[in-house]
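To start, the structure under review is shown below, and the notes come after it.
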Amino acid sequence: MCGLVGVVGKSDVAPDIYDALTVLQHRGQDAAGIVTCAGGRFSQRKSEGLVRDVFRQQHMQRLTGNMGIGHVRYPTAGSSGTALAQPFYVNSPYGIALAHNGNLTNSEQLTRELFQDDLRHLNTDSDSEVLLNVFAHELQILGKLSPQPDDIFRAVEAVHRRCRGGYAAVGLLVNYGIIGFRDPQGIRPLVIGTREGAGGTEYMIASESVALDVLGFSLLGDVAPGEAIFIDQEGRLHRRQCAQQPKLLPCIFEHVYFARPDSLMDGISVYKTRMRQGEALARKIRRLRPDLEIDVVIPIPDTSRIAAQSIAHELGVKFREGLMKNRYIGRTFIMPGQSARRKSVKQKLNPVPLEFSGKSVMLVDDSIVRGTTCRQIIEMAREAGAANVYFASAAPPVRYPNVYGIDMPSASELIAHGRSVEEVCELIGADWLVYQDLEDLIECSREGNPEVDGFDCSVFCGEYITGDVDQNYLDRVEQLRNDTAQTERRAQLQAEGAVVGLHNDA
């Protein structure tokens, strides 16, 4: 999962892009990058690390121009390193930089086509570079010295014909403008907003609406599935549907975990969706265990807090903040290596003994992936004196890997894969475990926008909506994503990054 932003303004846009990336930092903590354009030249800065660490004053001073794009990333399939920091760049045609959120499921096929048929060279194994080169090739074969919006939209149409999977992208064309587009199923999110200033109308494209809010942009709406948005350097907006049969099937895990609660996605309030998740789960708890005595409901910070508050309210039970979070530790779900994840859980959370001692505690989390975090937190609760520890997941059991841009572990490392709820409960050490029902989770999101065609729920049900994911593909995912493969991959990329990183300063 990554965060995107693109801005066409009336003055230097790098400060706005920087601020937007800090707001989107939750979507990726591995690397960050900004590319701007002025006078027919790109200026670039990208590197590993958080936004605040990658960009210093001297970098920002050199990122000039009224057009620019930015990106925050976390490593997919165990990949990391400066060499894979985005945006990526190609010089032909025109000069194009592109940043991408998602995953192409036919990346291997496209890589072969780009080399054998399109005669284009790829410098990494990133599917983001594949997407950029497909777009660049389709624009180049049009043979236009000065592309018009229609030409750019025709190139995006070709991208949709060739590419499969979940993707949202923002691109910067030297001297022409900013392009943003979204896959035909709308799996990955993208929004657009405007801001009126002394010089006229400015535009921002971003992964989440909260980035617009913080910068004073008004939300125009979501980029529709298959739609492309082009904003030329004079600030004129052009948009077109570029897919033949688009459907709105957004990733429901955005609502569960990734998105900020103050964002709107496809007209759906993430905050209200998480409230409804808690209400639905409370009804299930009451139905399954009407006599269950719960003294206190405690969320596992931060994404489960809203659902936990709803559970407590519906059940008439006290809500307490019993786990204090160290906010300088990254998300354990996306941390590389199981040993690093175990260590970081202890560094990240510390119990308040008074809220546990002698009590029957209901712990609430947004989901259970590997089970590493919840197992250790349950141990913490018992060490703090809890009499009983119950565990509620606001999402159904995660039993299948995600192939559309969320770096879920391999299936064998998902604690619920091939196991019953009772078996998972025993493994994590809870006295009772309750999961959200998938039907209820879908309804919690659909209530926010009844016009949504459906949701990508593949991590829960194993049904991949693009229709091109078979067992052979999942076997390859398994080989790429297990912890051993990730460790080897990181060592390789770190060695490569030591060389490539010398050339990445603006």
Side-chain angles (χ1 to χ4, degrees), residues 2-25 31-73 82 85-100 128 132 136 146-147 152 169-180 192-207 211-212 214-217 229-237 500-506:
C2 301
L4 308 175
V5 60
V7 180
V8 176
K10 300 302 179 182
S11 57
D12 286 344
V13 297
D16 280 349
I17 295 174
Y18 175 94
D19 290 341
L21 291 180
T22 62
V23 176
L24 298 173
Q25 186 76 84
I34 294 175
V35 172
T36 60
C37 180
R41 292 181 177 272
F42 278 149
S43 298
Q44 171 184 275
R45 167 65 181 173
K46 60 180 182 177
S47 187
E48 289 182 277
L50 301 177
V51 175
R52 67 177 183 229
D53 299 322
V54 170
F55 302 100
R56 302 295 184 184
Q57 183 176 2
Q58 66 267 28
H59 305 130
M60 299 303 295
Q61 289 174 341
R62 293 158 64 183
L63 291 169
T64 59
N66 74 316
M67 302 188 300
I69 60 175
H71 185 265
V72 289
R73 80 180 294 270
T82 299
Q86 297 184 37
F88 285 122
Y89 164 78
V90 291
N91 64 1
S92 178
Y94 317 118
I96 305 172
L98 183 136
H100 164 225
S128 302
L132 167 59
S146 300
I152 294 169
V170 291
L172 173 57
L173 283 71
V174 170
N175 289 335
Y176 293 105
I178 296 285
I179 179 74
I192 181 170
T194 64
R195 182 176 66 186
E196 297 298 330
T201 303
E202 300 176 305
Y203 289 92
M204 177 185 287
I205 303 171
S207 292
L212 307 178
V214 171
L215 274 297
F217 285 78
I229 302 283
F230 178 65
I231 306 147
D232 63 35
Q233 64 178 350
E234 284 77 32
R236 294 184 292 260
L237 173 65
V500 177
L502 297 175
H503 307 290
N504 277 331
D505 284 352

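Only this structure's heavy atoms are used, side chains among them; waters, hydrogens and symmetry mates stay out. Residue numbers start at 1 and run along the sequence shown.
Q86 places a side-chain N or O within 3.5 Å of a backbone atom of H100 that can act as its donor or acceptor partner. A donor-acceptor pair under 3.5 Å links the side-chain atoms of R195 to the main chain of L215, judged by distance alone. A side-chain donor-acceptor contact under 3.5 Å links Q25 to the backbone of V51. With hydrogens and angles disregarded, a donor-acceptor distance shorter than 3.5 Å links the side chain of K46 to the backbone of P87. Within the 3.5 Å criterion, the main-chain N or O of T64 finds no donor-acceptor partner in the side chain of D12.
Residues satisfying the side chain to side chain donor-acceptor pair (under 3.5 Å) criterion with T201, sequence neighbours excluded, are E196. For S11, the side chain to side chain donor-acceptor pair (under 3.5 Å) criterion is met by no residue, not counting sequence neighbours. Looking at residues two or more places apart in sequence or on another chain, you find a side chain to side chain contact (heavy atoms under 4.5 Å, CB included) between Q61 and Q57. Considering only residues two or more places apart in sequence or on other chains, Q58 meets the side chain to side chain donor-acceptor pair (under 3.5 Å) condition with none of them. For D232, the side chain to side chain donor-acceptor pair (under 3.5 Å) criterion is met by R236, H238, not counting sequence neighbours.
L237 places a side-chain heavy atom less than 4.5 Å from the side chain of Y203. Counting heavy atoms from C-beta on, the side chains of V7 and E202 never come closer than 4.5 Å. A 4.5 Å side-chain heavy-atom check between M67 and Y176 finds every atom pair outside the cut-off.
Scanning both residues, C2 and S207, for their nearest heavy atoms gives O-OG, 4.0 Å. In terms of heavy-atom proximity, V72 sits nearest to A32 at CG1-CB, 4.1 Å. Taking every heavy atom of both residues into account, L172 and G68 meet most closely at CD2-CA, 4.1 Å. Closest non-hydrogen pair, L212 versus A206, comes out as CD2-CB, 4.5 Å. Contact between H59 and V54 at its shortest, heavy atoms only, is ND1-O, 3.4 Å.
Here the CE-OG1 distance, from M204 to T194, works out to 11.0 Å after rounding to the nearest 0.5 Å. Atom CZ in R52 sits 14.0 Å away from atom CG in L21 (nearest 0.5 Å). With rounding to the nearest 0.5 angstrom, the CZ atom of R45 is 13.5 Å from the OG1 atom of T36.
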Passes side chain to side chain contact (heavy atoms under 4.5 Å, CB included), D19 versus V214? Steps please.
-> CA-CA 8 Å; D19 290 341; V214 171; 5.7 Å; no
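Only one option out of L98, I179, I205 pairs with V170 in a side-chain contact (heavy atoms from CB on, under 4.5 Å); it is I205. For the side-chain contact (heavy atoms from CB on, under 4.5 Å) with I17, the lone residue among I69, I34, T22 that qualifies is I34.
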Let me check something: any side-chain donor-acceptor pairs from residues 88-97 under 3.5 Å, sequence neighbours excluded? List them with distances.
| residue | atom | partner | partner atom | Å |
| --- | --- | --- | --- | --- |
| S92 | OG | Q140 | NE2 | 3.1 |
| Y94 | OH | K144 | O | 2.3 |

